[in-house]
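What you are looking at is a predicted structure, and each value in this text was computed from that prediction instead of being measured.
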Amino acid sequence: MPSTVLVGAQWGDEGKGKITDLIASKYDYVVRYQGGNNAGHTVVHGDKKLALHLMPSGVMYENAIPVIGNGVVVDPGVLVKEMAMLQAEGISCKNLKISCDAHVIMPWHKDLDGADEKSLGEHKIGTTKRGIGPCYQDKAARKGIRIQDLFDEKIFRLKVETALKQKNPVLSKIYGLHTYTVEEICEEYLPYARILKPYMAETAHMLNSALREGKSVLFEGAQGTLLDIDHGTYPYVTSSSCCAGGAATGSGVGPVNIDRVLGIEKAYVTRVGGGPFPTEQRFPEDGGVGEEAETGELLCSVGHEFGVTTGRKRRCGWFDAVIARYAAEVNGLTDVALTKLDVLSAFDTIKVCVAYECNGKRYDYFPMQQSVLFHAKPIYEELPGWKGEDITACKSFEELPENAQKYVEHLEEITGVKISIVAVGPDRDQTIMRGW
Ligand code: GDP
Ligand code: IMO
Ligand code: MG
């Protein structure tokens with residue numbers, strides 16, 4: 001089995017957890033390479049439904065070794081809780097490997113995330129307030145605390161002391177928040193170190209050795225292409241490299257080792273938090289009326305579009321081929337998995353955005369300037385639906401209603417990437433393989 005990067009091709013929540021879980025058994029390692037517990041990946045198998053934030057979704061299989069790579073930011077309290085939750089479900093975490101170089105989310109990162117957002121007012125990003133941005137800020141500023149620092153109490157104390165000299169005045173004087181002592185941080189974090197120590201590994205070396213032996217690796221992206229710090233809708237993005245390229249830096253594996261890049265795309269689009277979203281069908285509370293509001297509400301209710309991490313209602317809209325083509329380019333997608341096709345069974349006709357219009361100009365390619373994107377009006381095609389036909393039990397492409405087959409084939413045509421997997425329900429079994 002060749003090594004693969006699995007990447008969100010929209011604004012996150014495309015169904016990465018489900019597809020990772022679906023294909024993970026074929027790989028020797030499943031690696032998270034960026035992000036942190038801002039991610040919420042759902043894995044459903046039979047009557048078991050698990051929400052994972054830090055653990056790679058391949059954890060369900062004993063043969064696939066789950067790895068948290070150097071590019072991830074780790075909140076150790078969250079990881080310890082997640083491991084306990086999995087163990088209580090009968091899922092062993094004994095094979096987990098955590099990179100010594102991954103950065104640690106500290107309590108002040110979470111405080112500052114919330115405070116930053118508050119100070120931005122209506123321009124807020126709508127972050128998950130998990131401390132992701134402030135932790136990556138410290139990493140880039142070369143002031144971060146890494147997993148390896150947790151295991152030497154002397155070094156850890158020194159690093160916390162140095163950090164607090166800067167953080168405490170910012171917390172108290174700029175934001176009016178409480179401050180921390182070295183002692184209370186040690187009291188909270190050192191017990192985590194004792195629990196996590198057995199899982200520490202030099203993950204880059206481990207993965208490279210495995211690849212030399214012919215083993216295969218699945219890199220599980222979090223968030224999505226349009227939330228990538230470089231290629232997303234900046235500044236309404238997360239603080240890491242979610243795109244396929246991030247798999248190399250976030251795990252310490254050379255890009256030549258990556259054979260396939262599987263983009264996950266919902267059959268429509270959702271977004272959580274602020275920022276431009278051209279095909280959005282606004283909810284009434286966001287100013288949507290008539291057909292727009294009805295479409296948004298229907299996508300949200302039928303698709304159960306509520307955040308796994310924060311419980312927020314996800315903004316919903318029609319499939320956008322402009323961002324799909326952009327994602328194909330910036331990730332080098334070789335294949336696409338199209339998820340939630342079953343949700344579209346609720347509609348008489350289905351719209352697909354093929355290009356944008358702004359100031360009288362047509363954009364077939366993702367516009368470079370945010371000001372254009374903010375004002376982009378989607379140019380839609382309208383396709384006939386398969387309303388009322390339950391497709392959740394379809395096991396082959398041929399079993400799908402003709403219009404559903406045509407919808408999938410049309411998306412392939414206008415996005416230029418083969419759709420190798422079609423998901424028709426949340427369960428592992430509710431999936432149609434088309435050459436993956
Ligand atoms: P991720 O963050 O990309 O892993 O996606 P989330 O787990 O946040 O959100 C995707 C949601 O859709 C989850 O609740 C999944 O169980 C569910 N899901 C995934 N694929 C399908 C599908 O084909 N049909 C339906 N109805 N639900 C799906
Ligand atoms: P998964 O992996 C959807 C969004 C937040 C916010 C922006 C920045 O489940 O697809 P952050 O807390 O990262 O600084 O927030 O990114 N965001 C996500 N949206 N799915 C996610 O993860 C997300 N992780 C972050 O809503 O707009
Ligand atoms: Mg999610």
State whether a side-chain donor-acceptor pair under 3.5 Å links [X] with [Y].
X      : Y      : result
Asp21  : His45  : no
Thr4   : Tyr27  : yes
Thr349 : Glu382 : yes
Arg130 : Thr128 : no
Glu220 : His41  : yes
Trp11  : Thr270 : no
Asp390 : Thr392 : yes
Thr238 : Asn38  : yes

(message) Rounded to the nearest 0.5 Å, what separates atom NZ in Lys16 from atom CD1 in Ile19?
(response) 11.0 Å
(message) Given the ring of Phe277, does Arg271 sit roughly above its face, with NZ or CZ under 6.0 Å from the centre of the six-membered ring and within 45° of the axis?
(response) no
Quick check: does any side chain N or O of [X] sit under 3.5 Å from a backbone N or O of [Y], one acting as donor and the other as acceptor?
X      : Y      : result
Asp111 : His109 : no
Ser345 : Lys387 : no
Gln34  : Val72  : no
Gln405 : Leu400 : yes
Thr225 : Gly8   : yes
Glu82  : Met55  : yes
Asn257 : Gly254 : yes
His53  : Ala39  : yes
Ser99  : Asp101 : yes

(message) For Ala355, give me all partners under side-chain contact (heavy atoms from CB on, under 4.5 Å), at least two apart in sequence or on another chain.
(response) Arg362, Asp364, Ile379
(message) Which residue is it: Thr339, Asp427, Thr431? I am looking for the one with a side-chain hydrogen bond (donor to acceptor under 3.5 Å, both in side chains) to Lys18.
(response) Thr431
Do [Y] and [X] meet the salt-bridge criterion of a basic N to acidic O distance under 4.0 Å?
X      : Y      : answer
Lys361 : Glu357 : no
Asp116 : Lys124 : no
Asp113 : Lys129 : no
Lys340 : Glu14  : no

(message) Give me the atom names and distance for the closest heavy-atom approach of Ala324 to Glu265.
(response) CB-OE2, 3.9 Å
Identify each donor-acceptor pair in which a side-chain atom of residues 313-320 lies under 3.5 Å from a protein atom, sequence neighbours left out, and give them as a table.
| unit_1 | atom_1 | unit_2 | atom_2 | d |
| --- | --- | --- | --- | --- |
| Lys313 | NZ | Glu285 | OE2 | 2.9 |
| Lys313 | NZ | Glu297 | OE1 | 3.4 |
| Arg314 | NE | Asp13 | OD2 | 3.0 |
| Arg314 | NH1 | Glu305 | OE1 | 2.7 |
| Arg314 | NH2 | Asp13 | OD1 | 3.4 |
| Arg315 | NE | Glu280 | OE1 | 3.4 |
| Arg315 | NE | Glu280 | OE2 | 3.0 |
| Arg315 | NH1 | Gly273 | O | 2.6 |
| Arg315 | NH1 | Gly275 | O | 3.2 |
| Arg315 | NH2 | Gly275 | O | 2.9 |
| Arg315 | NH2 | Glu280 | OE1 | 3.0 |
| Asp320 | OD1 | Val322 | N | 2.9 |
| Asp320 | OD1 | Ile323 | N | 3.3 |
| Asp320 | OD1 | Tyr356 | OH | 3.4 |
| Asp320 | OD2 | Tyr356 | OH | 2.5 |

(request) Kindly check if the number of other-residue, nucleotide or ligand heavy atoms within 6.0 Å of CD (Glu381) is above 12? (result) yes
